[in-house]
Number of protein chains: 2
Amino acid sequence: MKRPNVTSVDVARLAGVSQSAVSRAFSKVPTQSSVSDETRKKILRAADELGYRPNALARSLITQRTRIVGVLFSYLDNPFYANALELICHGLQRQGYHALVFMMPDTLADVEATVSDILQYQVDGLITASVELSSKLCEDCREQGIPVVMLNRVQDNPLLSSVTTDNVGGGRLAAGALVSAGCKRIGLIAGWEGASTSRDREFGFTAELAARGIELFSRAVGHFDLVRTEEATREMFDRPAAARPDGVFVVNDYMAVRAMDVMRFGLGLRIPQDVSVVGFDDTAMADLPTYALTTVRQPVRQMVDSALRLLFERLNQTGVEPEHVILGARLMERESVRNRTP
Amino acid sequence: MKRPNVTSVDVARLAGVSQSAVSRAFSKVPTQSSVSDETRKKILRAADELGYRPNALARSLITQRTRIVGVLFSYLDNPFYANALELICHGLQRQGYHALVFMMPDTLADVEATVSDILQYQVDGLITASVELSSKLCEDCREQGIPVVMLNRVQDNPLLSSVTTDNVGGGRLAAGALVSAGCKRIGLIAGWEGASTSRDREFGFTAELAARGIELFSRAVGHFDLVRTEEATREMFDRPAAARPDGVFVVNDYMAVRAMDVMRFGLGLRIPQDVSVVGFDDTAMADLPTYALTTVRQPVRQMVDSALRLLFERLNQTGVEPEHVILGARLMERESVRNRTP
DNA sequence: AATGAGACAGCATACGTATGCGTAAAATGA
DNA sequence: TCATTTTACGCATACGTATGCTGTCTCATT
C-alpha cells in the first residue's frame, strides 16, 4: 500500500547498467548515442520485473513538454459541447496528448484562478469552448508561449486562434428558411448576449430579414438557459394569434427544443402549423422524429478536427501566427418549418 | 514567444532573498520555519513583477502528490454521463484537484495503454464511470497506492470502491410499475450484457416479475447503442398486437427515448395506450413533456458526491478499506405508463 | 599494422521546487 | 545583564528523468 515508486535507477541497478541506459531504452526517439538491442532487452526485462513505469512529471520537467493540453468548457448540459469534448479527448489521446479538463466556475474571479491553475501545470496548449478569456489571461498565455484555440467563440485578441461555424451565414440561412416558408411575423430567441455566437447568428438573421424587406416582429433572450428560455418563450407566444410570431429562430437547438415543448404542451400550439421553428447546431435531439427540428448544422467533427490541427501546428513549431477557421453552415430541413402554401 | 520561464530562483534574486524563502512564501501550509510578513510582501511583489507562477510539476515531484485525478469515461453521448462528468470536474476543482480526462478507446489493448498513460502522470486517484478494469490494471493501481472509485459499475475486485444506484431494486420498481399498470405481455430491452448495471437491473426486473407470477414475454439487447436499440425495438414490436409486449422496460433512458421514437414514428404505436414504457436514469430527456418517460431515478448529484467523498477519504489517509455505496432508486411516474384500467 | 569511423555505455549535470537542519538575530524572562 | 526561547532565513540536498560529452571497444579500410 506504500509507494515504493520504482525508478529508472532501480531498473538500472537490477539490469547492471547506468541510469542513462534505462532512460535511452525508454526513449521513443533515440537521439544520439543509442542503446544496443541486447542491453535494451535486458533493461526491458528488468523494468518489467520491477513494474517500472516512467515518471511523466520528471520527464516533463526536463523536456519542457508535458503533452498535457488544458481544456476549458463552460458546461456540458448542451449535448453539442458534450459531443465536442468527447471528440477532443479522443483526438488528443490519439496523438499521445492528454486532456486536463476544467469546467468554468461561476464567478469571474474564479475563472482567473482556474486558468492560473491550468498554467501552473505547464500545459502545452489550451482549448476553450464557449468561453472568453480576459485580456490579462491572454497575456499570461502569450508570455508562457502557450497556444490557445477557441472553439465556437471568437475574440478580437490577436493571439488567439479560433474555430467557428459561419454564424452570420447560418443566421441568414435561418432567416431564409422562415421567410421562404411564408412566415410573416418573425421572432428571435437569443442566447447570452455576451456570446459572439449568439450575436453573430442574430446579426446574420436580422440582416437577411432586412435584405428581404422584413422587420423583426419580436425578440427575447434565453441566455442559453432552460428556465429562462421557458420564460422567454411564454412571454413571446402566450398571446393571441395575431400578436405572436408565426415563425421563430432560436439560436441553438438546446433552447429550441425546450421552446418547442413550451409551445406545444404549455400553450397548445402546433408546430409547424401555428409556428415554424428553426434551431442551430443540429444536435442529436434535432433529429429525433418527435422534434424533427429544422436547424442550421454545425459540423462538430470538422470543428474539432480543425481545432486540433491548429493546436498541433502551434505545438510543433513555435511562432505560428494565429488563424481563424470558419466552417460553412448548412441548413438541415426537417418538419418544424411549414411548407410554403402558395 | 520564447519561454523564459521565470523560476523561484529569479524571484529570489530580485527580492534579495533565498530560493527557500520564495518557496515558503508560496506554501499554503507553513510547516516549520516560516517567513516574516515583511519579506513575504517583498517576495510577492517581486513575483508579481516577474509574472512568476509556481511550477506544479516540480512541486509534485517532491511532494509526491500531484493533485491530479484520472477520470476515465467510456462515452458522453448519454447525457447521464455528461452530467456526471461536469459534476465531477466541478467537485474536484472545488477541492483544488484537477481532472485528467480520458475517453475509453475502442480496443481492449488500448485500454491498458490508456490507463498506463494515466499512471505515468502520477495521478493521486482514479475515477471511472461505466468502465471495468482488468485485474492487471487493478493490481497496477494497488501497487502505486492509487485509490480507485468506480461510478455506476461494480466489480468483484476487493481493491475498488464503487458508487451505484440500487440497480436490482430499481429493476424491481420498473417491474412493479408495469405490472401495476395492468400490462400482461412484458418485454425488456437490455444494454450491454457485460455491464453490471444492465445485468443487475435485468435481474431485479425479472425477479420481481417472477415474484408476481409473471414470466418475461420477450427480450432484446440494445447494447447501450442507438442503432442497435432501433433494431432491437423493431424486432420486438414489429408484430401483430398479440405477439408484441404491451409494456417494456428499457434499461436506460438514452435507449428508452430512442425506442419510443421507433415505436411511435416507425411503427405507429401509441404510448402508453398500446405500449407502456419504463426507463432508467431520469435524464433530462425523460422529463421532456414529449416523452414524459416514467423512469427509475438515479441521484446523479448524490452519486458524484459520494464518489468524491470516497476518493478524498482515501487520498488523505492511506490504507482505508474499499467501500461500496449503494444509493436508493426512486420511481418517477410520468405518462409513458398507462393508468390501470380496472 | 596503423588509422579512422562508428557504435555503445557511463558520468555529470540540469529541470524547478520543498524541506530538514543549522545559525544568527530578535524577543522574552528573570 | 545574561540565559533562554522563539522567529526568520539560508544552505544543501532530494525528487526522477534526459542529454551533452567523454571514453572505450569493435570493425572495416588502406
Side-chain angles (χ1 to χ4, degrees), chain A residues 2-44 46-47 50-67 119-124 144, chain B residues 2-44 46-47 50-67 119-124 144:
Chain A
K2 294 292 176 55
R3 191 187 287 231
N5 244 4
V6 32
T7 77
S8 60
V9 177
D10 301 326
V11 177
R13 197 177 309 135
L14 177 60
V17 298
S18 72
Q19 181 268 330
S20 336
V22 177
S23 169
R24 285 194 249 264
F26 275 86
S27 167
K28 310 291 170 189
V29 202
T31 45
Q32 300 201 8
S33 55
S34 84
V35 64
S36 75
D37 275 356
E38 191 186 355
T39 48
R40 161 173 283 125
K41 291 254 165 61
K42 200 165 48 177
I43 291 173
L44 290 182
L50 294 178
Y52 169 68
R53 207 184 306 275
N55 185 327
L57 268 50
R59 185 208 309 268
S60 297
L61 192 54
I62 293 195
T63 59
Q64 305 280 38
R65 310 189 86 218
T66 54
R67 300 189 80 82
L119 295 183
Q120 291 195 5
Y121 278 91
Q122 314 297 111
V123 296
D124 289 342
Q144 296 230 3
Chain B
K2 294 293 179 55
R3 190 186 287 228
N5 244 5
V6 31
T7 78
S8 59
V9 177
D10 301 326
V11 177
R13 197 177 308 134
L14 176 60
V17 298
S18 73
Q19 180 269 330
S20 339
V22 178
S23 169
R24 285 193 249 265
F26 275 87
S27 166
K28 310 290 170 189
V29 201
T31 45
Q32 302 199 6
S33 51
S34 80
V35 64
S36 76
D37 274 356
E38 190 186 355
T39 48
R40 162 173 283 125
K41 291 254 165 60
K42 199 165 49 178
I43 291 174
L44 291 183
L50 294 178
Y52 169 68
R53 206 184 307 275
N55 185 327
L57 269 49
R59 185 207 312 266
S60 297
L61 192 55
I62 293 194
T63 59
Q64 305 279 39
R65 309 189 89 218
T66 53
R67 301 189 79 82
L119 295 182
Q120 292 195 6
Y121 277 91
Q122 315 296 112
V123 295
D124 289 342
Q144 296 231 3

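In what follows, chains are A, B, ... by sequence order, proteins preceding strands, each numbered from 1. Since we're looking at a predicted model, the values are computed, not measured.
A/V17 comes within 4.0 angstrom of sugar-phosphate atoms only, judged by non-hydrogen atoms across all strands, and of no base. The residue B/T39 sits close only to the backbone: its heavy atoms come under 4.0 Å of sugar-phosphate atoms, none of a base. Contact annotation for B/S23: base contact, defined as any heavy-atom pair under 4.0 Å involving a base atom.
Listed nucleotides D/dC21, D/dG16, C/dG16 differ in distance to B/N55; the shortest reach to its side chain belongs to C/dG16. When distances run from any side-chain atom of B/S18 to the nucleotides D/dG10, D/dT17, C/dT17, the shortest one goes to D/dG10. Closest approach to the A/R24 side chain among C/dC11, C/dT17, D/dG16 is made by C/dC11 (side chain taken as heavy atoms from C-beta onward). Distance from the side chain of B/A21 is smallest to D/dG10 among C/dT17, D/dG10, D/dT19.
For A/Q64 and C/dG16, the shortest distance from a side-chain N or O to OP1 or OP2 is below 4.0 Å. An OP1 or OP2 oxygen of D/dC15 is reached within less than 4.0 angstrom by no side-chain nitrogen or oxygen of A/N5. The side chain of A/Y52 contributes an N or O atom lying less than 4.0 Å from OP1 or OP2 of D/dT17.
The CD1-C1' distance, from A/I62 to D/dA18, rounds to 4 Å in whole Å. Atom CD of B/Q120 and atom P of D/dT17 are 10 Å apart (whole Å). Rounded to whole angstrom, the span from the CD atom of B/Q19 across to the P atom of D/dC11 amounts to 11 Å. Rounded to an integer number of Å, the gap from CZ of A/F26 to P of D/dG16 is 16 Å. Protein atom CG of B/L57 is 13 Å distant from nucleotide atom P of D/dA18, rounded to whole Å. A straight line from OH of A/Y121 to C1' of C/dT17 spans 13 Å, rounded to a whole angstrom. Atom CD in B/E38 sits roughly 16 Å away from atom P in C/dA25 (whole-Å rounding). Across the protein-nucleic acid pair, B/R13 atom CZ and D/dG10 atom P stand 14 Å apart, rounded to whole Å.
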Original post:
Stepwise, does the side-chain contact (heavy atoms from CB on, under 4.5 Å) test hold for B/V123 with B/Q144?
Top reply: CA-CA 10 Å; B/V123 295; B/Q144 296 231 3; over 6 Å; no
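Every residue two or more places apart in sequence or in another chain that forms a salt bridge (charged side-chain N to carboxylate O under 4.0 Å, His left out) with A/R53 is listed here: B/D140. Evaluation of the side-chain hydrogen bond (donor to acceptor under 3.5 Å, both in side chains) rule for A/T63 yields no partner, not counting sequence neighbours. Judged as a side-chain hydrogen bond (donor to acceptor under 3.5 Å, both in side chains), and not counting sequence neighbours, A/S23 has no contacts. Checked against salt bridge (charged side-chain N to carboxylate O under 4.0 Å, His left out), B/R13 has the following partners two or more places apart in sequence or in another chain: B/D10. By the side-chain hydrogen bond (donor to acceptor under 3.5 Å, both in side chains) test, B/S60 is found to be paired with no residue, residues two or more places apart in sequence or in another chain being considered.
Under 3.5 Å, the side chain of A/R53 and the base of D/dG16 form no donor-acceptor pair of N or O atoms. Under 3.5 Å, the side chain of A/S20 and the base of C/dC11 form at least one donor-acceptor pair of N or O atoms.
In this structure, B/S8 contributes its side chain and B/V22 its backbone to no donor-acceptor pair below 3.5 Å.
For the helix from C/dA1-D/dT30 to C/dA27-D/dT4, the terminal axes (five pairs an end, C1' atoms, rotation from four pairs onto the next four) enclose an angle of 40°, given to 10 degrees.
When all heavy atoms of B/N55 and A/L61 are compared, the pair lying nearest together is ND2-CD1, 4.0 Å.
The 5' end of DNA chain C is approached more closely, in terms of each residue's nearest nucleotide, by A/S36 than by the other of A/S36 and B/S8.
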